[in-house]
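One structure is given here, and the rest of the page talks about it.
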Amino acid sequence: MHISTKCSIAIHCLIFIHEYGKDKKVTSRLLSLSTGVNSVTIRTILSSLKKDGLVSVKFGTGGTTLNCPLDEISLYRVYVAIEPDFAEKLMGIHASPAEECPVGRNIHRVLDCSYKKIQNDLCDSLKNITLKDIVADYHKLLSD
């Protein structure tokens with residue numbers, strides 16, 4: 001199973017924008033310093049988030065703001081914005097099983113059913129976790 005680290009970087013950026021965007025101009029450079037990821041990757045992620053309508057980005061002088069309330073930003077929405085086909089890539093099936101073997105000949109169809117259920121369950125879970133939940137966890141950790 002694989003979900004790209006770009007998704008966790010995107011969530012990091014969204015939390016940072018929420019927490020500091022009112023007091024600071026949040027630029028790709030500032031997000032790069034916070035995430036430890038280069039500015040080009042940050043700009044690519046912000047571009048994807050902008051296309052989905054999650055953020056607004058002022059080009060030139062910079063500055064990124066959230067466009068949605070935290071409870072409208074689910075993990076699923078972030079993941080789809082960053083990697084539209086992430087769900088299909090979660091679980092792979094080996095490409096060249098032996099056609100002469102009954103198991104090899106049918107393994108793709110056998111696993112498709114189970115893998116689809118896992119994919120649907122994961123997507124449902126991601127839809128039920130919002131940035132509001134994650135920010136609440138962040139604040140709880142800060143107060144501990």
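Just so you know, these numbers use all the heavy atoms, side chains as well, and skip hydrogens, waters and symmetry mates.
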message = Testing the basics here: between C13 and I42, what is the closest heavy-atom pair and its distance to 0.1 Å?
response = SG-CD1, 3.9 Å
inquiry  = Ignoring hydrogens, what is the shortest heavy-atom contact between A81 and L54? Give both atom names and the distance.
reply    = CB-CD1, 4.4 Å
From [X] atom [atom1] to [Y] atom [atom2], the distance as rounded to the nearest 0.5 Å:
| X | Y | atom1 | atom2 | answer |
| --- | --- | --- | --- | --- |
| E83 | Y79 | CD | OH | 9.5 Å |
| E72 | N67 | CD | CG | 10.5 Å |
| I73 | H18 | CD1 | NE2 | 9.5 Å |
| L70 | I15 | CG | CD1 | 9.5 Å |
| N38 | L31 | CG | CG | 12.5 Å |
| Y138 | H12 | OH | NE2 | 8.5 Å |

task = Ignoring hydrogens and angles, state whether a donor on the side chain of T130 or D133 is under 3.5 Å from an acceptor on the partner side chain.
result = yes
message = Between R29 and S39, do the side chains contain a donor N or O and an acceptor N or O under 3.5 Å apart?
response = no
Heavy-atom check, side chain of [X] versus side chain of [Y], under 4.5 Å:
| X | Y | result |
| --- | --- | --- |
| S56 | K50 | no |
| E19 | K24 | no |
| L49 | I82 | yes |
| Y20 | L30 | no |
| P97 | H108 | yes |
| R77 | C68 | yes |
| I134 | I11 | yes |
| I129 | S74 | no |

[X] side-chain N/O to [Y] backbone N/O, donor-acceptor pair under 3.5 Å:
| X | Y | result |
| --- | --- | --- |
| S47 | R43 | no |
| N128 | D124 | yes |
| S114 | L111 | no |
| T41 | V37 | no |

request  = May I ask you to say whether K117 pairs ionically with D121, meaning some side-chain N is under 4.0 Å from a carboxylate O?
outcome  = yes
Consider only side-chain heavy atoms of I, L, V, M, F, W and Y, link residues closer than 4.5 Å, and tell whether [X] and [Y] are in one cluster.
| X | Y | answer |
| --- | --- | --- |
| I93 | L122 | yes |
| F16 | V40 | no |
| L142 | I17 | yes |

request  = Mind telling me whether F86 and Y76 have parallel, tilted or perpendicular rings, with 30° and 60° as the class edges?
outcome  = perpendicular
inquiry  = Checking I107 against H94 for the side-chain contact (heavy atoms from CB on, under 4.5 Å) test, could you report, in this order, the C-alpha distance in whole Å, the side-chain angles of both residues, the deciding distance, and whether it holds?
reply    = CA-CA 9 Å; I107 194 66; H94 51 296; 4.1 Å; yes
message = I'd like to know whether D52 forms a side-chain contact (heavy atoms from CB on, under 4.5 Å) with V80, so could you lay out the CA-CA distance, the side-chain angles of the two residues, the decisive distance to 0.1 Å, and finally the verdict.
response = CA-CA 9 Å; D52 188 75; V80 169; 5.8 Å; no
